> 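My structure is below; once you've seen it, I'll send some questions.
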Amino acid sequence: MPSIASGYEYPPPPTLVTRSETGYTEEIEDFQEMYSNVIPGPHIHDVLFRIGTGDLTRQHVGAIVNAANNQLHHAGGLAAMISQKGGPMIQEESNSYIQTYGQVETGQVAATRAGQLPCQYVIHAVGPRYNPTNIPRSQQLLTEAVQNAILYASSVPPDTMPQRTMAIPLISAGIFQYPRKDAAMVIVSAIERCIQENPIKLEEVRFVLDSHLAAHQATRSLTVTEPPVPLLQQMPLVPILPPPPPAPESVISEFEEDDVKPTPDRPNIRLEQRRSRKTYSEGSEEIGTKQNPLNCMLANARSLTNKMEELEAEISTGNFDIVGITETWLDESYDWAVNLQGYSLFRKDRKNRRGGGVCLYVKSCLKSTLREDISEGNEDVESIWVEIHGGKNGNKILIGVCYKPPNITETMESLLLKQIDEAATHNEVLVMGDFNYPDINWETETCETHKGNRFLLITKKNYLSQLVQNPTRGAALLDLILS
């Protein structure tokens, strides 16, 4: 499908509804400017270009840009947050668009009304999945997505969109795996070129990022000849640190609840990947070997829904095949919010009370099956078991994610240990989770408590090796990977 720049006429924007019809309530705008400059365009169409940090869903602009997929299915990350805060109108109109016009091609855009958001329209731009073997093509498609979004907003008549401003996020840098710094450079360049080369009928284009460091890196991509007077000089910046030393092979981490600052009893441990030693086949390709290792990650979330963007970023950076999450704090009301494109999701929520819960993300290209038989008869145990099927050789690997609360009853703990004992009879098994046995010394494999010794006995009986070496919360090693 040709772009707007080549003369293609997109469907007209939907008719706006009144704020009283959408249930919109006023919110304070969330935008902290770090750079601003007026970019001259052709025919005296100058546009203010701003870079800063903030919440995209709280931008008081004419239109915001959503990082969408081809089917406009807003199920994860930023798209899910926009859909949630804007209300059902956004997904309903997206579905209607797909039914009428078909899928949105990569590099192209579609528009819906914004529902309960403080803007008027949401322009859904489909960025590319990053292809490291063809970087120029990835750059071209990302540039097209950004510029077509700007051209679309510019083409909306002023009586339809009186507020001639728009906000653009970091497109393609989530599950589409575009390196964040590289994506920011491409987007800044695309915005500048689009304004300079086209008579843009907008007053302002702003690039909204989620951290000061990301915004600072974006300003370094600017190509304007006159040095601007940015606010960078007036506020402390996050320092650009040298790269950290290589992480140990096995590291567990946790997302902090509500993104609180680290404290001695609750450190902010970086998410790191661990390469599993398990081997199985997918088609004719051996996965899990040194040549093609199976990448696994375990994280303790303490509420997954407000960590989805961080999770997407970690998954895309580490290119993980399997991701286990404990303490998801989910229930059926969050079905739409925690899906990740390209992954199958298996989850078990805690029933009738807040907290707990586990889930497992498995790459969609891997054939996987939920093993309900392992937990049959003890559904209240917080564990989930999934079998990944190999290719022509018929190999299988059983993956378990478990959460043992500190206040678990004796009965529930016995049932959990029974599940692990049964699962370990499989030839290939990987068990990971938050087990809350702080008194076990894994170097000496000793423990002074009855409960800890029972767990150690299960691991020794089934020849399970504990792979995590470093403490995962304070001085305690609570989150484990057993293989």
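What you see is a predicted model; the values in this text were computed from it and never measured.
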> Is a side-chain N or O of S96 found less than 3.5 angstrom from the main chain of E93, in a donor-acceptor match?
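A pair under 3.5 Å: no.
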
> Do any N or O atoms from the side chain of N378 and from the backbone of V381 form a donor-acceptor pair under 3.5 angstrom?
no

> Tell me if a side-chain donor or acceptor on N66 pairs with a main-chain N or O of V122 at a distance below 3.5 Å.
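Looks like no, no N/O pair under 3.5 Å.
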
> Are E204 and R164 ion-paired here, with the side-chain N under 4.0 Å from a carboxylate O?
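No, no charged N to carboxylate O under 4.0 Å.
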
> Given 3.5 Å as the limit, does a donor-acceptor pair link the side chain of T106 with the main chain of G127, or not?
no

> On a heavy-atom basis, which atom in E312 and which in L78 lie closest, and how many Å separate them?
OE2-N, 4.3 Å

> Do the rings of Y361 and Y343 sit parallel, tilted or perpendicular, given the 30° and 60° boundaries?
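Perpendicular, since the angle between the ring planes exceeds 60°.
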
> Looking at side-chain heavy atoms only, is the closest gap between F49 and N37 below 4.5 Å?
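Counting from C-beta outward, F49 and N37 never come under 4.5 Å.
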
> Does the side chain of I51 come within less than 4.5 Å of L209's, by heavy atoms?
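Yes - at least one pair of side-chain heavy atoms lies under 4.5 Å apart.
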
> Whether the S154 and K201 side chains hold a donor-acceptor pair (N or O, under 3.5 Å, no angle test) is what I'd like checked.
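Their side chains do not contain a donor-acceptor pair, so the 3.5 Å distance test is not met.
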
> State whether R347 and D349 are salt-bridged, where the test is any N-O pair (Lys NZ or Arg NE/NH1/NH2 against Asp/Glu carboxylate O) under 4.0 Å.
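Answer for the salt bridge query: yes.
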
> Does the T160 side chain pair with the main chain of V156, one donor and one acceptor, at a distance under 3.5 Å?
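Judged by distance alone, no pair lies under 3.5 Å.
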
> With distance as the sole test, does S364 use its side chain to make a donor-acceptor pair with the main-chain N or O of G342 at under 3.5 Å?
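Flag set: sc S364 to bb G342 pair under 3.5 Å.
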
> One thing to verify: whether D434 and R302 come together as a salt bridge, which I'm taking to mean a side-chain N less than 4.0 angstrom from a carboxylate O.
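No.
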
> Is it the case that T112 and H124 place a side-chain donor and acceptor less than 3.5 Å from each other?
yes

> Counting N and O atoms only, with roles assigned by atom type, does the side chain of Q139 sit under 3.5 Å from a partner on the main chain of V186, one being a donor and the other an acceptor?
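Such a contact is absent between Q139 side chain and V186 backbone.
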
> Given side chains that start at C-beta, do those of E382 and K404 come closer than 4.5 Å, heavy atoms only?
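Answer no - side chains too far apart.
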
> Is a donor on one side and an acceptor on the other found under 3.5 Å between the side chain of N295 and the backbone of D321?
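No, because the side chain of N295 does not come within donor-acceptor range (under 3.5 Å) of the backbone of D321.
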
> Please determine, by modelled atom types, if R206 and Q59 share a side-chain donor-acceptor pair under 3.5 angstrom.
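Checked: R206/Q59 side chains pair up, N/O donor to acceptor below 3.5 Å.
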
> Counting N and O atoms only, with roles assigned by atom type, does the side chain of T472 sit under 3.5 Å from a partner on the main chain of L478, one being a donor and the other an acceptor?
yes

> State, with a plain yes or no, whether a side-chain heavy atom of I322 is found less than 4.5 Å away from one of M297.
no

> Please examine the side chains of I135 and Y130, heavy atoms only from C-beta on, and report whether any two atoms are closer than 4.5 Å.
yes

> Are any side-chain N or O atoms of S138 and backbone N or O atoms of N131, one a donor and one an acceptor, separated by less than 3.5 Å?
yes

